[in-house]
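Here is how names work: the chains are called A, B, and so on, in the same order as the sequence lines, proteins then strands, and each is numbered from 1. Given the structure is predicted, the values throughout are model-derived calculations rather than measurements.
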Protein chains: 2
Amino acid sequence: MSKCEQCIIKQFNSLKALTKDELVRISGCKTSRIIKKGEIIFDEGETLNGVFCVKEGICKLSKLSENGKDQIVKMVVKGQLLGQRSLISEEASNLQAIALNDMEVCFIPKSEIFADLQKNSKFSFEVLKDMAHDLRDSDDIIVNMAQKSVRQRLAETLVYIRDSFGTNPDGTLSVLLSREDYANIVGTATESAIRVLSQFKKEKLISTVGKYIKIEDLAGLKRVE
Amino acid sequence: MSKCEQCIIKQFNSLKALTKDELVRISGCKTSRIIKKGEIIFDEGETLNGVFCVKEGICKLSKLSENGKDQIVKMVVKGQLLGQRSLISEEASNLQAIALNDMEVCFIPKSEIFADLQKNSKFSFEVLKDMAHDLRDSDDIIVNMAQKSVRQRLAETLVYIRDSFGTNPDGTLSVLLSREDYANIVGTATESAIRVLSQFKKEKLISTVGKYIKIEDLAGLKRVE
DNA sequence: AATAAAACATGACAGATATCATATTTAATT
DNA sequence: AATTAAATATGATATCTGTCATGTTTTATT
């Protein structure tokens, strides 16, 4: 099994603040896991006994609303930590995590994380900064949800996915989402998401290559009202 | 000037994790301030050089959206800290804070907070828990915004305000908000908020005493669809 | 390859909400 | 007390979005 102290992934998250000794210790009790596309990593209401460090792949974090629809709240990609919020507040998870493609994650037990939060203030400050960042993102999402149209939100989502998760060599968005996923990010009906995407296509803002979406007119998408 | 180590307010926020010595030190460099209703505590884009500990009163945190409307993202009341997110991420504030009634706050300089975050892991863990809690709240708000009707959101807002900020002796909500404020919490047009509140009144879910709102049928409000 | 199931697409329509217009009431200012 | 400004209220209308129905395409399964 690969060792945390040599893993490059940690450079991208709070674990970079840990000392070599701490990493060695964590390495000794972490477990690696392969998760298939579509698989549930953890469910809403489940108690997390640690955090996941995402080595490969991407997943969606969603919450079931009372009307039976999933709302995607965040996406977590290679390099990031998963489950830290619930771990810290010591509550059951308020979100469900599902892999959007094949993933590789390392599971680090709660006891290790808590020990390091106690001892290493640099580490806890990194986690704090991470969380502060998430909180700012959430504020933006709230404002968008409240004040913008479905058309605007979907356009922004496409740009966001491009900026955050990148594109394939042919220019298509590297993250493959179903129309239902798009609807669940934007907070609209699946039919509405489909309709708006069709419109974007007609307006030459995007094109599709198989199931993949390609942004053809980035400036145009950003201008959508 | 009153002393932090004797102040009861700190019991309600992360400052309770500080040692007596740390509190004495903070006490020495904090500044107390009275803020009048309607006054701006800090503005969007402003750099915060510390946090505010709210000794009395309540304020709203809002963000201006591109269409020129304010979205209220959170309310901060007596006992809570204000501005911690921006301080930690060392960015300009993404929110504006305005007093909803006369307030008394203590300002604690950034250097003090940072020093304690470095030294006192119990303190930084408390801040972490606070932030984790806020993040969970934000998730809930996102889901509500995306999936619920204006009517539902407004009903929930009234219940939330009752539960979080309490009532006056006559049963009216102790926090006095304009119809525009309600609209800015719910994320709707002021006219729509007014209309829905009028309906609630007709349906005997609420009543008004002057400018104050009284919840007459709590169960009914919770049942609103 | 055939069949079933899921995902995508589009039309028709109803309902929710925003916008604009205009009163009316309440609060602030002179 | 008179005047002005702000907040509240309500109607009319247009627009956006959700829902239901139906058809097509793509993917999975036998």
N/O contacts under 3.5 Å, protein versus nucleotides 28-30 of chain C?
none

Quiz item: Who passes side chain to side chain contact (heavy atoms under 4.5 Å, CB included) against A:Lys202, sequence neighbours left out?
Solution: none
Self-check item: Backbone N/O of B:Gly166 and side chain of B:Ser174: donor-acceptor pair under 3.5 Å
Solution: yes
Exercise. Please confirm whether the backbone N or O of B:Lys211 pairs with a side-chain atom of B:Thr208, one donor and one acceptor, at under 3.5 Å?
Key: no
Quiz item: Whole-Å distance between C:dA12 C1' and A:Ile194 CD1?
Solution: 16 Å
Quiz item: For A:Asn144, does its backbone N or O pair with a side-chain atom of A:Gln147 as donor and acceptor, under 3.5 Å?
Solution: no
Under 3.5 Å, which protein N or O atoms sit close to an N or O of nucleotides 21-25 of chain D? Give each pair with its distance.
none

What N/O pairs connect the protein and nucleotides 15-18 of chain C at under 3.5 Å? Give each pair on its own line.
from   : atom 1 : to       : atom 2 : distance (Å)
C:dT17 : OP1    : B:Val150 : N      : 2.8
C:dA18 : OP1    : B:Thr188 : OG1    : 3.2
C:dA18 : OP2    : B:Thr188 : OG1    : 2.5
C:dA18 : OP2    : B:Ala189 : N      : 3.4
C:dA18 : OP2    : B:Ser192 : OG     : 2.6

Quiz item: How long is the line joining CD of B:Glu225 and P of D:dG18, in whole Å?
Solution: 17 Å
Please report, to 0.1 Å, the donor-acceptor pairs under 3.5 Å made by any side chain of residues 180-196 of chain B, with sequence neighbours excluded.
from     : atom 1 : to       : atom 2 : distance (Å)
B:Asp181 : OD1    : B:Lys60  : NZ     : 2.8
B:Asp181 : OD2    : B:Ser178 : N      : 3.4
B:Asp181 : OD2    : B:Ser178 : OG     : 3.3

Quiz item: Will you find, in the side chains of A:Lys148 and B:Ser65, an N or O donor that is under 3.5 Å from an N or O acceptor?
Solution: no
Expected list for residues 214-225 of chain B: side-chain donor-acceptor pairs under 3.5 angstrom, two or more places apart:
from     : atom 1 : to       : atom 2 : distance (Å)
B:Lys214 : NZ     : B:Asp170 : O      : 3.3
B:Glu216 : OE2    : B:Ser207 : OG     : 2.7
B:Asp217 : OD1    : B:Gly220 : N      : 2.8

Self-check item: Interatomic distance, A:Tyr182 OH vs C:dA7 C1' [rounded to whole Å]
Solution: 15 Å
Quiz prompt | Integer-rounded Å distance: C:dT10 P and A:Gln199 CD | solution = 10 Å
Quiz item: In chain order, what residues pass the ring pair (Phe, Tyr, Trp, His ring centres under 6.0 Å) check against B:Tyr212, with sequence neighbours excluded?
Solution: none
Could you list the donor-acceptor pairs under 3.5 angstrom formed by side chains in residues 92-101 of chain A, with sequence neighbours left out?
from     : atom 1 : to       : atom 2 : distance (Å)
A:Ser93  : OG     : A:Leu95  : N      : 3.0
A:Ser93  : OG     : A:Leu95  : O      : 2.6
A:Asn94  : OD1    : A:Arg85  : NH2    : 3.2
A:Asn94  : ND2    : B:Asp139 : OD2    : 3.1
A:Gln96  : NE2    : A:Asp43  : OD1    : 3.2
A:Asn101 : OD1    : A:Ile58  : N      : 3.0

Quiz item: How would you list, by chain and number, every residue that makes a side chain to side chain contact (heavy atoms under 4.5 Å, CB included) with B:Glu126, sequence neighbours excluded?
Solution: B:Ser14, B:Lys16, B:Ala17, B:Lys129
Practice problem: State plainly whether the residues A:Lys63 and B:Asp140 are in salt-bridge range, i.e. N to O under 4.0 Å. | Solution: yes
Exercise. Using atom CD of A:Glu180 as one end and atom P of D:dT19 as the other, report the distance to the nearest whole Å.
Key: 13 Å
Exercise. Write down the distance between CG (B:Leu197) and C1' (D:dT10), rounded to a whole number of angstrom.
Key: 14 Å
Exercise. Tell me, yes or no, whether the heavy-atom count around A:Glu66 atom CD, taken from other residues, nucleotides or ligands under 6.0 Å, exceeds 12.
Key: no
Quiz item: Is the backbone of A:Val77 close enough, under 3.5 Å, to the side chain of A:Gln80 for a donor and an acceptor to pair up by distance?
Solution: yes
Self-check item: Short side-chain N/O contact from B:Ser198 to OP1 or OP2 of D:dT10, under 4.0 Å
Solution: yes
Exercise. May I ask you to decide if B:Lys36's main-chain N or O and B:Glu39's side chain share a donor-acceptor pair within less than 3.5 Å?
Key: yes
Exercise. For the helix from C:dA1-D:dT30 to C:dT30-D:dA1, measure the angle between the helix axis at one end and the axis at the other, each built from five pairs, rounding to 10°.
Key: 50°
Quiz item: Are any side-chain N or O atoms of A:Ser62 and backbone N or O atoms of A:Ile72, one a donor and one an acceptor, separated by less than 3.5 Å?
Solution: no
Quiz item: Whole-Å distance between C:dA27 C1' and B:Leu176 CG?
Solution: 13 Å
Quiz item: Tell me, which of residues 205-214 of chain A have any heavy atom that sits under 4.0 Å from an atom in DNA chain D?
Solution: A:Lys211
Practice problem: Mind calculating the distance between CG (A:Asn184) and C1' (D:dT17) to the nearest angstrom? | Solution: 16 Å
Exercise. For B:Tyr160, enumerate each residue passing the ring pair (Phe, Tyr, Trp, His ring centres under 6.0 Å) test, keeping only those at least two apart in sequence or located in another chain.
Key: B:Phe165
